[in-house]
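Okay, structure first, notes after.
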There are 2 protein chains.
Amino acid sequence: MTIDRSAALPDLDQRRVGTSDVRLPPSVLLEGTSGRILREALLLFAEQGFHGTSIRDLAHACQIRSATLYAHYPSKEHVLAELVRIGHEAHHARLVGAQGRDSVERLRTVVREHVLAHAEYPLLAVVSNNELHALSPEMAAPAMLLRADGRQLLMDIINEGISEEVFDVPDAFLAVTAISGMGMRVANWYGSGVPYSPEQIAETYADFALRIVGAA
Amino acid sequence: MTIDRSAALPDLDQRRVGTSDVRLPPSVLLEGTSGRILREALLLFAEQGFHGTSIRDLAHACQIRSATLYAHYPSKEHVLAELVRIGHEAHHARLVGAQGRDSVERLRTVVREHVLAHAEYPLLAVVSNNELHALSPEMAAPAMLLRADGRQLLMDIINEGISEEVFDVPDAFLAVTAISGMGMRVANWYGSGVPYSPEQIAETYADFALRIVGAA
DNA sequence: GCGAGCCGATCGATCGATCGGTAGGCAGGG
DNA sequence: CCCTGCCTACCGATCGATCGATCGGCTCGC
């Protein structure tokens, strides 16, 4: 009996994201032309990058003229900044909202939320992570603070588990990079062709995280 | 006693890479103007992206005029294609060269090589992974084949370990995405400010991978 | 004097951004 | 009811700058 491995491993393509499903967190107002611009920019920036998308590309996708864009946003960079803000605030809120009775449960819920954010909003995650460099330092600063805080949150949980001798991990910092890194990459491959729900991926990755820190 | 966590977690910055150390595999000829162009393009494409780097940016970094570039490469895209080719061939060669007596040792060495490739050549890895979308499908095709083969190689090792009942993992595909994903992200944060050697990171990540598949 | 390597000048196209002006809905006075 | 005035939303035309790429010609070493 042989295993059909070509079916087990879906072919990933050249794109930076596995989906074209434009989706923004429910807290974001999407009505009117401003919302339309935000949604089309999300798709274009994710697929072609900030510098690979022109003002006219964006306007054409919104079915408006390029001049109209400036009635809603002062510049192309401000559109990106708004998407980056939304992405980082949504992600950070999920991390902070994750609760747990002990270190194990806290790590599980935090990783679950981390992965869910990347699987449910892949376009937003890709833009937030891959186009951050295109922002001026001033416009990127708020996102950088949220990133640092999120890393620290994960670091604290792991340090807590170590000091309680519930976790057994060779290096706390490398555990943070590994756990956050594997979750971030989900945004690059998760899409319609992948036979998993975001919840399934989040649950399994949370289990992986507990294995990494030696708690499972 | 409190832990100085600000020292434990180095501040990462807005950049796409943690280093500016231009390095290419030894197999690549770096002599002459063609090599110089390749090296400067590696840095610029990694830091600013393909579309964020102009022909004149690249020429200026090489201390030549933009017209001279076309004496060495037919187009800007061909420069990127060459970097992508070098990156994927070097990475794939390392994976294929990884040996091991059993499933555990094979997974350990493959993950070690995977991580080493991303830690020793972060700029090359970032360009290969993040700028692949900027290539036309024809020019990206060879790299896509190498990527698919590398994924399959990892998948085969994990399936082998599962069928031998050496590994205990809830889902083989998600283990592949998690292990390869955490290794790929290393290229984005590893740099001079990080107090680990590539070998230390590779060794620890290989241990993490074995924990993920339930073999450690 | 010949080929290799480089460059100044320039091509048409496109870039991000700005301007004055127009169309349409709505409020208030007659 | 109509008329007037205004405000919001949008657009055509165009700005100077920069884009990727091309060409003929220059300057060397051999």
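A note on names: the letters A, B, ... follow the listed sequences, proteins ahead of strands, and every chain is numbered from 1.
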Could you give the start and end, 5' to 3', of the contact zone on DNA chain C for chain A, using atoms under 4.0 Å from its heavy atoms?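 Nucleotide range with atoms under 4.0 Å of chain A: C:dC15 to C:dC19.
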A:E131/B:R16 salt bridge by N-O under 4.0 Å criterion: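 Answer for the salt bridge query: no.
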Have a look at [X] and say if it touches a base, only the backbone sugar-phosphate, or nothing, with a 4.0 Å heavy-atom cut-off.
{"X": "A:S75", "result": "sugar-phosphate"}
{"X": "B:T68", "result": "base"}
{"X": "B:S66", "result": "base"}
{"X": "A:T53", "result": "sugar-phosphate"}

Whether the side chain of B:E120 engages the backbone of B:A117 through a donor-acceptor N/O pair (distance < 3.5 Å, no angle test) should be reported.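 Such a contact is absent between B:E120 side chain and B:A117 backbone.
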I'd like to know if the side chain of A:R106 reaches the main chain of A:G100, judged simply by a donor and an acceptor atom lying under 3.5 Å from each other, with no hydrogens or angles considered.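 A pair under 3.5 Å: yes.
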Minimum heavy-atom distance B:S20-B:E47, with the two atoms named: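 That closest heavy-atom pairing would be OG-OE2, 3.0 Å.
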Shortest non-hydrogen separation from A:R211 to B:V213 and the atoms involved: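 Reported closest heavy-atom pair: NH1-C, 3.7 Å.
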Could you check whether any side-chain heavy atom of A:V127 comes within less than 4.5 Å of a side-chain heavy atom of A:F50, counting everything from C-beta outward?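 Heavy-atom side-chain distance check fails, nothing below 4.5 Å.
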When the nearest nucleotide of DNA chain D is assigned to A:I64 and to A:R56 on a heavy-atom basis, which residue is associated with the more 5' position?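 Going by which nucleotide is closer to the 5' end, it is A:I64.
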